[in-house]
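All remarks here apply to the structure that follows.
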Amino acid sequence: MAKDFSTREDNYAQWYNDLVLKAGLAENSAVRGCMVIKPYGYSIWEKMQGALDTMFKDSGHVNAYFPLFIPKSFFSKEASHVEGFAKECAVVTHYRLKNAPDGSGIVVDEDAKLEEELIIRPTSETIIWDTYRNWIQSYRDLPILVNQWANVVRWEMRTRLFLRTAEFLWQEGHTAHATEKEAIDEAMMILDIYADFAEKWMALPVLKGKKSPNERFAGAVDTYCIEALMQDGKALQVGTSHFLGQNFAKAFDVKFLSRKNELEYVWATSWGVSTRLMGALIMAHSDDHGLVIPPRLAPIQVVIVPIYKKTEELAAISQRALAIKESLTKRGISVRYDDRDTFKPGWKFTEYEFKGVPVRMAIGPRDMENNTVEVARRDTLEKEIYSITDIENKIGHLLEQIQNNLFQKALSFRESNTFVVNTWDEFVAQLDGEGGFILAHWDGTPETEQAIKEETRATIRTIPFDAPAEKGKCVYSGKSSAHRVVFARAY
RNA sequence: CGGGAUGUAGCGCAGCCCGGUUAGCGCGCCACGUUCGGGACGUGGAGGCCGUGAGUUCAAAUCUCACCAUCCCGACCA
């Protein structure tokens, strides 16, 4: 099949990397740890943005934009927040360059040193809560339901395209509320939106739950998350929603007068998903033939390839193809008609397969005679001859079917890779074998979680909301536990 | 930041140990012709500061040192 392309079994990490590069999604840039997102990759991200943005707005949120730079002093106001991010911050110290006196090039002008260094945002809680102080005086100013689409920078040690880059794109929601309950409800509602998006758009089944204290966001009271399982048996955190309590309100002195005329601190949430979703999408569905993109996120949902020997044939085929394209477009399906004569049909087949286009149509002389098209679906690689009557509805249904099939496939993969484990030996054996989600008892202490992590590299991915009550003994300490949690090795 | 590996044409690699004409090969690219229902073939052609910088030498892709970058495995994280 595709040349120069690793298989999953062969080398999973290499397979992923090849896929991203060769399908034209992204590539490494001249800047360490930062990627160039190429047009095809970016168009998938735009689809994700579009769907999420609509969901946020439908639930009452509005978009705004805050600065890329944050004064250093803001960072130290929330103690655990600074501790969590200090080690990975890019810092701006000067604002001017000059020619080197010895003519060796451009150097930093030491006279242009900033009074106070600026941090390039790793996340925007601090600058936003500093701003909210001015926006909030009364309970009537609440809630504030703001989202921002932005880039952030975290100086990561080791980067991987989409999964972990020094600069990444994301959205971060920052809301302010009058009561604790309202803030928790908000954080939970957003988690539902994320889960809905993952399952309905990305065809990616996710577990919803709470993070253990060790895995909690720096500065949060509680972190809720959605967690997915990748094909190599490793977990990927795809989205988080944090209940921040009054931590940031206290740090930035954001108070409001309640109905009872009492001065109270504001309750907060923050939540985000990033271009890491691209990594999740790629790893969840793709195969050894290349990318597989769920129809609802595919920039091109249907590609039509003409097959002809002589140019005279092409005119008639094109007429047919363009008519089909128009009827599909009217039904809201995005179609590309690829009549380039510079590539052969076989080449195009492989190319679109590699790029994960959900449906491919071929129209040749036989089809012209029989009023048919050959339809190939990317998810199963099956081919079928369709009559062109009512083609737009048939293709519409097929796209829905593919979307559902991808979700079901991912779901059954997750189910068959979720294991109930009761002893430490089983626990270790499972991790060293096929991996997957491991349901095990945990005594609830950070010490045990830390010890397990050090010995096995596995972490508690989530404490599922729907975990049934079940008395048991911690796999590590043997102490009692009320329910199972989800362990896995993670990206 | 620790361990390992790799930087030679757009991509994948050979050459390096053992220094010596014009640095090769496959794919891709360009032109023309034959092809076109699963990555076609022929003929001709273009394309290289051998990662960067110092050094050793009459002579460096090749030897030495430093630096930079990338990938893999850890620690950190969305």
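These figures come from a predicted structure and were not determined experimentally. By convention in this document, chain letters (A, B, ...) are assigned in the order of the sequence lines, proteins followed by strands, and residues within each chain are numbered from 1. Computed from heavy atoms alone, side chains included, the values below leave out hydrogens, waters and symmetry copies.
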Give the C-alpha distance, both sets of side-chain angles, the deciding distance and a yes or no for salt bridge (charged side-chain N to carboxylate O under 4.0 Å, His left out) between A/Arg8 and A/Asp232. CA-CA 8 Å; A/Arg8 288 165 292 180; A/Asp232 62 346; over 6 Å; no

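- A/Gly33 comes within 4.0 angstrom of sugar-phosphate atoms only, judged by non-hydrogen atoms across all strands, and of no base.
- Spacing between B/A23 and B/G42 at atom P, rounded to whole Å, works out to 27 Å.
- Distances shorter than 4.0 Å separate none of the side-chain N or O atoms of A/Asn17 from OP1 or OP2 on B/U70.
- For the ring pair (Phe, Tyr, Trp, His ring centres under 6.0 Å) condition, no pair includes a residue of residues 290-312 of chain A, sequence neighbours left out.
- Distance noted for atom P between B/G51 and B/G37: 41 Å (whole Å).
- Counting only heavy atoms from C-beta outward, the side chains of A/Glu455 and A/Trp424 approach each other to under 4.5 Å.
- Straight-line distance from the CD atom of A/Glu351 to the P atom of B/G28: 13 Å, rounded to whole Å.
- Remark: the backbone N or O of A/Gly290 is paired with a side-chain donor or acceptor of A/Asp287 at under 3.5 angstrom.
- Side-chain proximity of A/Thr350 to the nucleotides B/A40, B/A78, B/G38 is greatest for B/G38.
- Atoms CE (A/Met35) and C1' (B/A69) sit 18 Å apart, rounded to a whole Å.
- In terms of polar N and O atoms assigned as donor or acceptor, the side chain of A/Arg158 never comes within less than 3.5 Å of the base of B/G2 in a complementary pairing.
- Map A/Ile307 and A/Arg160 each onto its nearest nucleotide of RNA chain B; the residue landing nearer the 5' end is A/Ile307.
- Spacing between B/C67 and B/C73 at atom P, rounded to whole Å, works out to 25 Å.
- Here the separation of B/G26 from B/U8, taken at their C1' atoms, is 15 Å to the nearest Å.
- Comparing atom distances between the A/Lys344 side chain and each of B/G38, B/C36, B/C77 picks out B/C36 as nearest.
- Side chain A/Lys383 to base B/G38: a donor-acceptor pair is found below 3.5 Å.
- Taking every side-chain heavy atom of A/Ala13 into account, B/C72 is the closest of B/G38, B/C72, B/A78.
- In summary, the aromatic rings of A/Phe74 and A/Phe69 are positioned with their centroids too far apart to meet the 6.0 Å limit.
- Within 4.0 Å of A/Gln237, counting heavy atoms only, lie sugar-phosphate atoms of the nucleic acid but no base atom.
- Side-chain atoms of A/Trp347 lie closest to B/G39 of the nucleotides B/G37, B/C76, B/G39.
- A/Glu374 has its CD atom 8 Å from the P atom of B/G38, to the nearest Å.
- Among B/G38, B/G74, B/A78, the nucleotide with an atom closest to any side-chain atom of A/Arg457 is B/G74.
- The phosphate of B/C76 (OP1 or OP2) has no side-chain N or O of A/Lys87 nearer than 4.0 angstrom.
- Between A/Asn214 atom CG and B/A75 atom C1' there is a gap of 15 Å when expressed in whole angstrom units.
- Ionic pairing of A/Asp379 and A/Arg377 is present here: one or more N-O contacts between side-chain nitrogen and carboxylate oxygen are shorter than 4.0 angstrom.
- Counting any heavy atom pair closer than 4.0 Å across all strands shown, A/Asp367 reaches a base atom.
- Taking the C1' atom of each, B/A5 and B/C49 are spaced 26 Å apart, rounded to whole Å.
- Between the C1' atoms of B/G48 and B/G10, the separation comes to 12 Å (whole Å).
- For A/Arg154 against B/C77, no side-chain N or O and base N or O form a donor-acceptor pair under 3.5 Å.
- Within 4.0 Å of A/Phe168, counting heavy atoms only, lies at least one base atom of the nucleic acid.
- When rounded to the nearest whole Å, the span between NE2 of A/His289 and C1' of B/G38 equals 12 Å.
- Pairing analysis of RNA chain B (Watson-Crick: purine N1 to pyrimidine N3 plus N6-O4 or O6-N4; G-U wobble: N1-O2 and O6-N3; both under 3.5 Å) yields stems of 3 or more pairs at B:1-7 with B:68-74, B:10-13 with B:24-27, B:29-34 with B:40-45, B:51-55 with B:63-67.
- With A/Gln450 as the partner, the side-chain hydrogen bond (donor to acceptor under 3.5 Å, both in side chains) test is satisfied by one option alone out of A/Lys453, A/Glu447, A/Glu454: A/Glu454.
- Candidate nucleotides B/C36, B/A78, B/C71 were compared by shortest atom distance to the side chain of A/Asn28, and B/C71 ranks first.
- A/Phe162 and A/Trp45 have their aromatic ring centers separated by at least 6.0 angstrom.
- A gap of 9 Å separates the C1' atoms of B/U62 and B/G15, to the nearest Å.
- Using a 4.0 Å heavy-atom criterion, one finds that A/Gly272 contacts no nucleic acid atom at all.
- Between A/Leu163 atom CG and B/C77 atom P there is a gap of 17 Å when expressed in whole angstrom units.
- Here the two rings, on A/His81 and A/Trp129, have centers that are 6.0 Å apart or farther.
- One finds no side-chain N or O of A/Lys211 lying less than 4.0 angstrom from the OP1 or OP2 phosphate oxygen of B/A78.
- In this entry the distance linking NZ of A/Lys348 with C1' of B/G39 reads 13 Å, nearest Å.
- Look at the P atom in both B/A9 and B/A14: the space between them is 12 Å, to the nearest Å.
- Pairs passing the side chain to side chain donor-acceptor pair (under 3.5 Å) check and including a residue from residues 213-230 of chain A, sequence neighbours excluded, read A/Lys210-A/Asp222, A/Lys211-A/Glu227, A/Asn214-A/Glu449, A/Thr223-A/His242, A/Glu227-A/Arg461.
- Looking at heavy-atom distances under 4.0 Å, A/Thr165 makes contact with a base.
- When the P atom of B/A75 is taken as reference, atom OH of A/Tyr491 falls 14 Å away, rounded to whole Å.
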